[in-house]
Amino acid sequence: MLEHFSYIITVFLMMAGLFIVIARGNLIKKMIGLSVFQTSVYLLYIAPGKLLGGTAPILAKQFTTYSNPLPHVLILTAIVVGVATLALGLALAVRIREAYGTIEEDEILTLNHTVEAAEAQHAEARGGS
């Protein structure tokens with residue numbers, strides 16, 4: 001059981017992040033859920049990349065176990081992309097807050113439907129006269 005501890009934590013974080021994204025209507029909370037989910041994916045890729053007793057493949061020694069550095073390099077790149085994506089999402093949330101006065105998903109949808117209905121009535125009134 002302990003040898004699969006990292007995978008258990010990964011699955012727990014994945015489920016928690018997905019639940020936050022699905023269950024919450026607040027856009028900031030949804031982005032936090034996506035970040036938690038993304039962290040679980042990092043763990044999923046890094047867990048098999050590390051070998052106990054393994055060393056960095058820098059010096060060539062006989063009969064030495066080496067850890068594969070490729071997963072770590074890929075995850076470092078993914079972290080940078082994830083931070084940039086989170087920054088963009090936060091910037092969009094600020095713009096949505098300025099435009100609608102809220103970051104709650106259901107309130108934004110209600111405001112959109114109200115505006116669309118008012119525009120349809122206005123267009124009908126203009127077309128009918």
Side-chain angles (χ1 to χ4, degrees):
M1 182 84 169
L2 285 177
E3 61 192 34
H4 299 296
F5 183 71
S6 62
Y7 295 112
I8 293 169
I9 295 298
T10 298
V11 169
F12 174 75
L13 286 175
M14 207 172 268
M15 289 187 306
L18 188 61
F19 175 77
I20 292 169
V21 170
I22 292 172
R24 302 292 181 235
N26 188 310
L27 297 179
I28 301 295
K29 290 179 182 177
K30 284 183 180 283
M31 283 186 279
I32 290 170
L34 285 174
S35 293
V36 170
F37 190 87
Q38 193 172 29
T39 301
S40 71
V41 174
Y42 300 158
L43 290 175
L44 184 66
Y45 277 103
I46 285 184
K50 176 63 182 152
L51 298 175
L52 295 177
T55 61
I58 297 173
L59 299 173
K61 296 180 183 176
Q62 290 183 348
F63 309 112
T64 303
T65 303
Y66 294 115
S67 291
N68 187 1
L70 186 62
H72 299 84
V73 172
L74 291 174
I75 295 307
L76 184 61
T77 305
I79 289 170
V80 172
V81 170
V83 167
T85 304
L86 182 63
L88 177 66
L90 291 172
L92 288 173
V94 167
R95 295 291 294 149
I96 289 170
R97 172 77 162 91
E98 289 173 358
Y100 291 98
T102 184
I103 54 171
E104 294 294 330
E105 187 177 15
D106 55 347
E107 293 175 15
I108 293 169
L109 292 174
T110 303
L111 288 171
N112 269 341
H113 290 306
T114 304
V115 169
E116 288 174 358
E119 287 176 353
Q121 285 179 348
H122 183 67
E124 187 176 298
R126 281 189 323 189
S129 54

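Since the model is a prediction, treat every value here as computed from it, not as a measurement. What you see below is based on every heavy atom in this structure, not just the backbone, and it leaves out hydrogens, waters and symmetry mates.
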Side chain to side chain, T102 and R97, heavy atoms closer than 4.5 Å: no
Joint cluster assignment, L18 & I32, ILVMFWY side-chain distance < 4.5 Å: no
I46 CD1 to L76 CG distance, which is reported to the nearest 0.5 Å: 9.0 Å
Co-membership, hydrophobic cluster, residues V36 and Y45, 4.5 Å side-chain: no
Heavy-atom closest contact (Y42 atom, A78 atom, distance): OH-O, 3.2 Å
Nearest-0.5 Å distance that lies between atom CD1 in I103 and atom NZ in K29: 9.0 Å
side-chain hydrogen bond (donor to acceptor under 3.5 Å, both in side chains) partners of Y100, counting only residues at least two apart: N112
Heavy-atom closest pair, residues I28 and A93: CD1-CB, 3.9 Å
Point-to-point distance, once rounded to the nearest 0.5 Å, from OG1 of T39 to CD1 of I9: 13.0 Å
L86 and S35, any side-chain heavy atoms less than 4.5 Å apart: yes
Heavy-atom side-chain proximity of K30 to E105 below 4.5 angstrom: yes
Residues clustering with V11 (ILVMFWY side chains joined when closer than 4.5 Å, directly or via others): M15
From F19 atom CZ to R24 atom CZ, the distance as rounded to the nearest 0.5 Å: 5.5 Å
Between CG on residue L43 and CZ on residue F12, distance to nearest 0.5 Å: 12.5 Å
Contact check, side chains of E104 and I108, non-hydrogen atoms, under 4.5 Å: no
Test log, rule side chain to side chain contact (heavy atoms under 4.5 Å, CB included), inputs L44 and Y7: CA-CA 7 Å; L44 184 66; Y7 295 112; 4.2 Å; yes
Nearest heavy atoms of D106 and T110, plus distance in Å: O-OG1, 2.8 Å
Close side-chain approach of L90 and M31, heavy atoms under 4.5 Å: yes
Note, I79 side chain near Q38 side chain (heavy atom, < 4.5 Å): no
Least distance between heavy atoms, S40 atom then L13 atom: CB-CB, 3.6 Å
Heavy-atom side-chain proximity of Q121 to E124 below 4.5 angstrom: no
Shortest non-hydrogen separation from L27 to I96 and the atoms involved: CD1-CD1, 3.8 Å
